[in-house]
Structure formats: C-alpha cells, structure tokens
Amino acid sequence: MFIKEFINAITAPYFLITAAGILLFVSLKYPGKFYTNRSALIVFSGMFLFLGLSVIDPNFRKIVTKPDNVPIVGMLFLIPFFTWFALREAVRNDQRTAEGKPLIEQEETADKVLTWPDLVYTELICMVVLTVILIGWSMTLEAPLEEPANPSASPNPSKAPWYFLGLQEMLVYFDPWLAGVVFPGLIIVGLMAIPYIDTNPKGNGYFTLKERKWEISTFLFGFLILWILLVILGTFLRGPNWNFFGPYEFWDIHKLEALVNVNLSEYIWVKALGMGLPKNPLIREFFGFVAVLTYLLAMPPLLARTLLKRFYNTLGPVRFHLMTFLLLAMMALPIKMVLRWLFNLKYIIGIPEYFFNI
Amino acid sequence: MANFSDRLKETFKNLSPAKVGEWIQESQIYRSIFRIGVPDSDRKRMLVMLGSVFLHLHPVKVRKSGIRMRYTWCMGGITFFLFLVLTFTGLLLMFYYRPTLEYAYVDIRDLREQVPLGIMREIHRWGAHAMVIAVWLHMYRVFMTGSYKPPREFNWNVGVILLVLTLLLSFTGYLLPWDQLAIWAITVGSNMARATPFAGHEGPGAALLKLGDIPLVSNSSDARFALLGGRFVGEGALLRFYVLHCVGLPLVAGFLMAIHFWRIRRDGGISGPL
C-alpha cells in the first residue's frame with residue numbers, strides 16, 4: 001500500500017519529467033557507468049518485476065491491457081533497450097578510439113560480402129519472425145471496437161491516437177496554436193534541418209558518443225524526454241479531464257484539480273505593482289512581450305558570445321541562428337513546464353481576444 | 001499391359017524429392033521464370049541479384065559491417081515489410097468495407113463475426129502500430145550512427161517526410177472503424193487545426209482577416225473544414241480520410257520510398273565508417 005502511494009506520488013508529471021531529464025544527462029555524463037550489461041540487467045529485470053507485480057492491481061491492469069495500449073507497453077521496453085544498446089556500442093567504440101584500436105564497424109568495413117546469401121537470408125529470417133509475431137499477436141488480441149460513433153456523447157477522457165499524445169500533453173502547457181500547429185511544424189522542420197546544421201564531420205557511419213556529445217544529448221533530450229516520455233505520460237497517467245492519475249489510482253471522473261494558474265500580467269500589474277489590469281491588451285501584456293522577444297531575439301546573440309561561442313565560430317551566423325532558434329523553440333516547452341510547476345504561471349502573453357496566448 | 005504397370009512401379013520406386021526437384025528445375029516453365037537457377041556458385045549468386053526486380057534493390061556486394069543487425073537493427077527493412085503487409089491486408093479489408101455512416105461500423109463488426117479467417121483487421125491494426133514504432137526506431141538508429149551526415153542529407157529529409165506520412169496514414173486509418181474511439185480521437189486531433197495561425201477560425205490573427213464586416217476565416221472556411229470536409233467529424237470526413245488512407249497517402253509514400261531506396265544506393269549504400 002505504502003509502495004503504491006509512493007509510486008503514485010513520484011509519477012506526478014513534475015517529478016517524472018524532471019527526474020528523467022536529470023537521469024538522462026547524468027547518464028550521458030558518465031556513459032561508461034550507465035550503459036553496461038550489468039545496468040541493463042538490473043533495469044530490465046526491475047521493469048519486468050514492476051510490470052509483473054503491478055498487473056495484480058486492478059486499476060493498473062485496466063489501463064495497461066487496453067488493446068490499443070499494448071504497443072505502448074512494448075515501446076516502454078523497446079525504446080530503453082535500443083537507447084541502452086546504441087550507447088553501449090558508442091561507449092565501446094569510444095574506448096577503442098582512446099586505445100588506438102579500430103572501431104567495431106571498421107573491423108569489417110573492408111570486407112565485402114555477397115548480398116545473396118548474407119543479407120537476403122537475414123531479411124528473410126526477419127520477415128518470417130515478424131510474420132509469426134504479428135499473426136500470434138492478432139490471434140490472441142482482438143482489435144478494439146467500441147460502441148458505434150455518437151457525436152453527441154464525448155467520452156472522458158477523449159484522447160488522440162497514441163502517437164500524438166505527446167502533443168496533447170503539450171496542451172497542458174501551451175495553447176493549441178502552439179502545441180498543435182507551430183511546435184509540430186517546428187519538429188518536422190527541425191528534424192529536416194539537422195543534417196544542414198550539424199557540420200561535425202566525425203561520427204559518420206558508426207556509434208559514438210564522445211565525438212558527438214552535443215548533438216546526441218540534444219536529440220536524446222528531445223526524442224526521449226519531450227516526445228516518448230510525454231506519449232507514455234499521456235497514455236497511462238492522464239485520465240478524465242486530462243487530470244493526472246498515478247498508475248494505481250482509480251480514474252475518478254470527479255477528481256477535482258484546483259485551477260490556480262495565474263497570468264504573468266496579473267503577477268506584475270496586480271500583485272507586484274498593486275494596480276488593476278490595464279484595459280488595452282498591448283499595455284497589459286507589455287511585460288510578456290518583453291519576455292518573449294528577449295527570449296527569441298536577445299538570447300541568440302547573447303549565446304553566441306557566451307555559452308555557444310564555439311558553435312558560432314564553427315557554424316557561421318546563418319547556421320548558428322537557425323540552430324539557436326530551433327533550440328530555443330524546443331527549450332520553450334521545459335521552461336514553460338518549470339514555470340508552471342513552480343509559479344502556477346498560465347500565460348506569459350495572454351490575449352484571449354485574438355487567441356494569442358503564449 | 002503388365003509391362004506398363006511395371007514401368008509405372010519402376011518410376012515410382014526411383015522417385016525421390018531430389019529427383020522431382022531436379023526435374024522441375026530443368027523444365028522449360030521453371031527456366032523461363034528463374035533464369036539463374038539455384039544460386040550455388042558465387043557467379044550465380046551475383047547474377048541472381050541482378051536478374052530479379054525485387055532483389056536488384058540491393059547491390060550485388062555489401063560491406064559486412066553495414067549489414068550487421070547490431071548496426072542496422074533491421075528497422076528500415078522491417079518498416080518496409082510492414083508497409084507491404086499493411087498494403088496486402090488493407091486490400092483485403094477494402095473488399096468488405098464501405099465508407100459511409102450507414103455501413104462503416106457494421107462492416108467492421110462483420111469482419112470479426114462473419115468473415116472467415118477474420119484476423120485481417122487485427123493484423124492491419126497491430127501492424128500499423130508496429131510500423132509507427134519501427135519508423136521511430138529506424139530514425140533513432142540513423143541518428144545515433146550519424147548516417148544523416150553528408151552525402152546522405154537529402155535522404156534523411158525524404159525519411160522525415162516518410163515518417164510524417166506514416167503518422168498521417170495511421171491517423172486517417174484510425175477514423176475508419178467509425179466507433180467512439182475513432183471519431184473522438186480524430187475530433188481531438190483535428191481540433192488542433194482550428195487554432196492554425198491565420199488559417200483556423202480560433203487561431204491567432206484569423207480575426208484580422210476580414211472584408212469589411214465579413215470574416216474570411218470562419219468555422220466553415222478554415223483549415224479544419226478543409227481537413228474534415230465539414231464542421232465536425234461526419235460523412236465528409238469519413239470519405240476524405242478513406243480516400244487519403246487507401247489511395248492518396250500510400251501513393252505518395254510509395255513514390256517517396258522509391259526515392260529513399262534509390263538514394264541509399266546512390267549515396268554509397270548502407271552507411272559505415274570511412
């Protein structure tokens with residue numbers, strides 16, 4: 001009972017996301033300690049144990065065994081597994097480089113083998129195994145089919161398809177025009193821009209961490225924390241009214257969460273200056289505009305001179321500003337999250353008259 | 001007469017699977033289809049790669065490091081295979097499914113209850129989920145090995161578009177069963193389009209676009225309306241998603257896949273250390 005309460009408490013979004021973020025960066029700082037066979041054994045047996053014991057709980061079982069959630073349970077294992085695998089290879093390669101030995105991949109680069117049978121047979125085996133898995137999966141688990149569509153009875157919670165739940169989770173922190181349109185657009189643009197921003201010639205065609213630490217850390221933060229973790233959070237831990245529910249908590253439709261979020265304008269005009277809110281929205285949101293514009297326009301030159309100086313020197317102005325813009329856009333989400341958790345900040349700029357809320 | 005039956009006995013006595021195989025392989029029909037025969041020598045193994053329209057996607061020889069499972073995770077191949085599985089099962093589903101409000105749901109229910117071997121829909125649905133995960137893992141592997149770096153920048157971009165198309169294919173397919181799960185997931189997803197800046201009626205800036213008193217962007221002329229073919233998820237949306245799911249998106253995806261595979265070859269094959 002106590003353990004369940006504890007797990008319910010530590011899976012709260014603010015704790016889960018922060019802890020996962022810290023864990024990721026610490027593990028990238030000391031990859032030789034984290035990405036070993038032993039740590040994998042511990043983590044994965046721990047996960048199996050957790051899952052095996054948890055399905056006894058009826059609330060947990062109800063969510064996890066929902067047919068459409070089964071692939072996400074699979075992903076819960078696949079993504080950490082491949083993360084561990086890629087970084088273990090990277091650690092091994094980095095060790096080899098340090099010792100002056102050739103990379104794992106390099107040992108066989110010069111060997112050319114015939115595609116038939118070496119590659120064709122691998123592919124054939126993959127196809128057979130996958131077919132068997134798919135047929136087995138399909139025979140044991142029926143595809144979900146609920147009641148016929150009824151436009152007048154909306155279920156609570158209404159959830160998007162699971163791969164978009166990261167975006168739906170973003171709606172907690174941003175309005176739809178950002179979470180549903182601008183940020184997804186920027187994710188696509190950002191992914192496409194990667195090969196043109198990253199001018200580091202090293203690490204092309206083999207696993208490595210040391211030679212590409214910055215690129216890999218940034219990508220992993222975006223992919224693992226801001227995408228995969230939010231998908232998992234949105235699937236398993238968000239219940240009616242998109243309220244947070246721990247894994248063992250009953251999805252109570254009447255659970256109330258206090259709406260205590262306050263806009264920046266109210267913080268400044270009402271609480272700090274002791275005046276009422278100005279009528280003109282542009283004056284009211286003046287400080288918000290200053291904050292956002294400073295973030296987007298003043299930060300890049302500042303970063304070019306301080307923290308990211310080496311990138312400015314190697315990338316040149318165009319690549320550098322593209323990179324910092326995308327980076328700042330990505331970091332806007334964790335920044336807004338922290339502001340929400342610490343100060344209950346609702347909007348930095350809030351002009352609902354024009355649907356312009358940030 | 002006895003002579004004939006003796007000869008028949010003799011023939012059957014000498015019959016072995018190897019003999020039958022040999023006989024088939026020497027027949028004119030077999031030779032006309034598989035010109036090379038069993039690839040039992042290196043020469044034939046090369047010729048077989050060149051002679052088949054499917055196998056010639058691959059080069060004759062590959063770097064040993066490039067085809068290791070520990071390097072490729074086989075995720076690109078799995079994604080493509082799943083696409084083929086989904087095309088095949090999808091085709092079978094189209095025989096039974098009519099995209100109208102009247103029939104969509106009952107057709108899906110009948111697939112389970114009336115149609116023999118009724119796991120086609122299951123294979124289609126689970127295969128689709130698996131494909132989304134496989135695409136992510138493929139991108140993950142390509143990033144972690146730095147395989148997007150020159151000369152493969154463009155192919156990475158084609159891959160990103162294919163990733164988006166995979167999600168859109170899955171999204172459009174999600175509506176077709178026309179149950180509560182389907183329409184509300186699509187309602188939640190497409191509600192976002194309402195907030196598109198300038199192009200959605202609840203998006204920032206949309207209120208500024210008007211001629212005199214007439215707003216140009218309303219709930220029946222905005223991005224969401226274009227997506228759904230209506231103001232809510234109804235008949236128009238079902239037909240639109242059906243056409244996109246079965247024809248439009250697979251065509252575009254197939255076209256881009258051709259480019260994707262071709263460019264792998266042109267850009268120097270599966271990546272590896274230089």
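Here the structure is a predicted model, which is why all the values come from computation and not from measurement. Each chain gets a letter, A, B and so on, in the order the sequences are listed, and its residues count up from 1.
- Ion pairing between B:Lys149 and A:Asp198 holds under the 4.0 Å rule for side-chain N and carboxylate O.
- Distance CD/A:Glu146 to CD1/B:Ile183: 11.0 Å, rounded to 0.5 Å.
- Annotation: side chain of B:Phe143 is in contact with side chain of A:Ile194 (closest heavy-atom distance under 4.5 Å).
- Comparing A:Thr83, A:Asn93, A:Asp175 by how many heavy-atom pairs each has under 4.5 Å with chain B, the most go to A:Thr83.
- Checked against the 6.0 Å centroid criterion, the rings of B:Phe171 and A:Phe164 qualify as a close aromatic pair.
- Heavy atoms closer than 4.5 Å to chain A are found in both the backbone and the side chain of B:Leu167.
- Only the side chain of A:Leu224 comes within less than 4.5 Å of a heavy atom in chain B; its backbone stays farther off.
- Within the 4.5 Å cutoff, no side-chain heavy atoms of A:Phe355 are placed close to those of B:His201.
- Ranked by heavy-atom pairs under 4.5 Å with chain A, the first of B:Val233, B:Val85, B:Ile186, B:Asp42 is B:Asp42.
- For the set A:Leu178, A:Leu87, A:Leu103, A:Leu141, the count of heavy-atom pairs under 4.5 angstrom toward chain B peaks at A:Leu141.
- The environment of B:Arg231 atom CZ is sparse: at most 12 non-hydrogen atoms of other residues, nucleotides or ligands sit within 6.0 angstrom.
- Remark: the B:Ser271 side chain and the A:Tyr206 side chain contain no N/O donor-acceptor pair separated by less than 3.5 Å.
- Interface remark: A:Pro102 contributes no atoms to any contact with chain B (heavy atom separation under 4.5 Å).
- Here the closest non-hydrogen pair linking A:Gly180 and B:Met192 is CA-SD, 3.3 Å.
- Sparse packing is recorded around OH of A:Tyr354, with 12 or fewer heavy atoms of other residues, nucleotides or ligands lying under 6.0 Å away.
- To the nearest 0.5 Å, atom CE of residue B:Met120 and atom OG of residue A:Ser138 are 8.5 Å apart.
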Worked verdict on B:Arg152 versus A:Asn204 for side chain to side chain contact (heavy atoms under 4.5 Å, CB included)
CA-CA 10 Å; B:Arg152 297 185 181 80; A:Asn204 186 346; 4.2 Å; yes

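- For the set B:Tyr148, B:Trp156, B:Phe232, B:Trp126, the entry with the most heavy-atom pairs within less than 4.5 Å of chain A is B:Trp126.
- Checking B:Ser170 against A:Tyr163 by side-chain atom types alone, a donor-acceptor pair falls below 3.5 Å.
- Within the 4.5 angstrom heavy-atom criterion, atoms from both the backbone and the side chain of A:Phe356 approach chain B.
- With a threshold of 4.5 angstrom between heavy atoms, A:Pro67 approaches chain B through its backbone and through its side chain.
- Per-residue heavy-atom pair counts under 4.5 Å with chain B were compared for A:Thr122, A:Asn150, A:Leu134, and the maximum is reached by A:Asn150.
- When each of A:Lys159, A:Glu105, A:Lys202 is scored by its heavy-atom pairs under 4.5 Å with chain B, the top score falls to A:Glu105.
- Among B:Ile161, B:Leu163, B:Val164, the single residue meeting the side chain to side chain contact (heavy atoms under 4.5 Å, CB included) criterion with A:Ile188 is B:Val164.
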Side chain to side chain contact (heavy atoms under 4.5 Å, CB included) evaluation trace for B:Ile67 with A:Val113
CA-CA 10 Å; B:Ile67 58 165; A:Val113 291; 4.0 Å; yes

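- When the candidates A:Glu147, A:Glu107, A:Gln106 are compared by the number of heavy-atom contacts under 4.5 Å with chain B, A:Glu147 comes out ahead.
- Summarising the geometry of B:Pro197 relative to A:Trp177, their closest heavy-atom pair is CG-CE3, 3.7 Å, with the distance given to 0.1 Å.
- Of the atoms belonging to A:Leu145, heavy atoms from both backbone and side chain fall under 4.5 Å from chain B.
- Between B:His129 and A:Trp162, the side chains place a donor N or O and an acceptor N or O closer than 3.5 Å (distance only, hydrogens not considered).
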Kindly indicate, with the supporting measurements, whether the criterion side chain to side chain contact (heavy atoms under 4.5 Å, CB included) is fulfilled by A:Lys112 and B:Val62.
CA-CA 5 Å; A:Lys112 282 235 171 182; B:Val62 282; over 6 Å; no

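- Your options are A:Trp116, A:Phe85, A:Phe223, and the one with the most heavy-atom pairs under 4.5 Å with chain B is A:Trp116.
- The most heavy-atom pairs under 4.5 Å with chain A, out of B:Ala185, B:Cys74, B:Gly203, B:Gly200, come from B:Ala185.
- Salt bridge B:Arg112/A:Glu142: present, at least one basic N to carboxylate O contact under 4.0 Å.
- Between the side chain of B:Gln180 and the backbone N or O of A:Pro155, no donor-acceptor pair lies under 3.5 Å.
- A heavy-atom distance below 4.5 Å is not found between the side chains of A:Ile135 and B:Glu122.
- Only the side chain of A:Val120 comes within less than 4.5 Å of a heavy atom in chain B; its backbone stays farther off.
- Within the 3.5 Å criterion, the main-chain N or O of A:Gly205 finds a donor-acceptor partner in the side chain of B:Tyr71.
- A:Glu215 touches chain B through backbone and side chain together, each having a heavy atom under 4.5 Å away.
- Neither the backbone nor the side chain of A:Ile351 has a heavy atom closer than 4.5 Å to any heavy atom of chain B.
- By the 4.0 Å N-to-carboxylate-O rule, A:Asp68 lies close enough to B:Arg125 to be salt-bridged with it.
- Most heavy-atom pairs under 4.5 Å with chain A, from the set B:Leu181, B:Ile119, B:Val106, B:Thr196: that is B:Leu181.
- In terms of modelled atom types and a separation under 3.5 Å, the side chain of A:Thr115 and the main chain of B:Val60 share a donor-acceptor contact.
- At a 4.5 Å heavy-atom cutoff, A:Ala90 makes no contact with chain B through either its backbone or its side chain.
- A:Met192 CE to B:Asn157 CG: the interatomic distance, rounded to the nearest 0.5 Å, is 4.0 Å.
- Ranked by heavy-atom pairs shorter than 4.5 Å toward chain A, the options B:Gly189, B:Ala223, B:Pro177, B:Gly272 are led by B:Gly272.
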Before giving the answer on salt bridge (Lys or Arg N to Asp or Glu O under 4.0 Å), spell out for B:Arg70 and A:Glu89 the whole-Å C-alpha distance, their side-chain angles and the decisive distance to 0.1 Å.
CA-CA 9 Å; B:Arg70 65 190 293 178; A:Glu89 294 281 289; 2.8 Å; yes

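- Neither the backbone nor the side chain of A:Ile187 comes within contact range of chain B, judged by heavy atoms closer than 4.5 Å.
- Note that CG of A:Leu78 is 10.5 Å distant from CH2 of B:Trp73, once rounded to the nearest 0.5 Å.
- Taking CG from A:Leu114 and NE2 from B:His58, the interatomic distance works out to 13.5 Å, rounded to the nearest 0.5 Å.
- Rounding to the nearest 0.5 angstrom, the gap separating the OG atom in A:Ser158 from the CG atom in B:Asn191 is 9.5 Å.
- Figure legend: cation-pi geometry between B:Arg141 and A:Phe207 absent, as NZ or CZ is not positioned both under 6.0 Å from the six-membered ring centre and within 45° of its axis.
- At distances below 3.5 Å, at least one donor-acceptor pair connects side-chain atoms of A:Arg212 with backbone N or O atoms of B:Met144.
- Interface remark: of the candidates B:Trp178, B:Phe154, B:Phe81, B:Phe81 forms the most heavy-atom pairs closer than 4.5 Å to chain A.
- Residue contact with chain B, scored on non-hydrogen atoms closer than 4.5 Å, is absent for A:Asn357.
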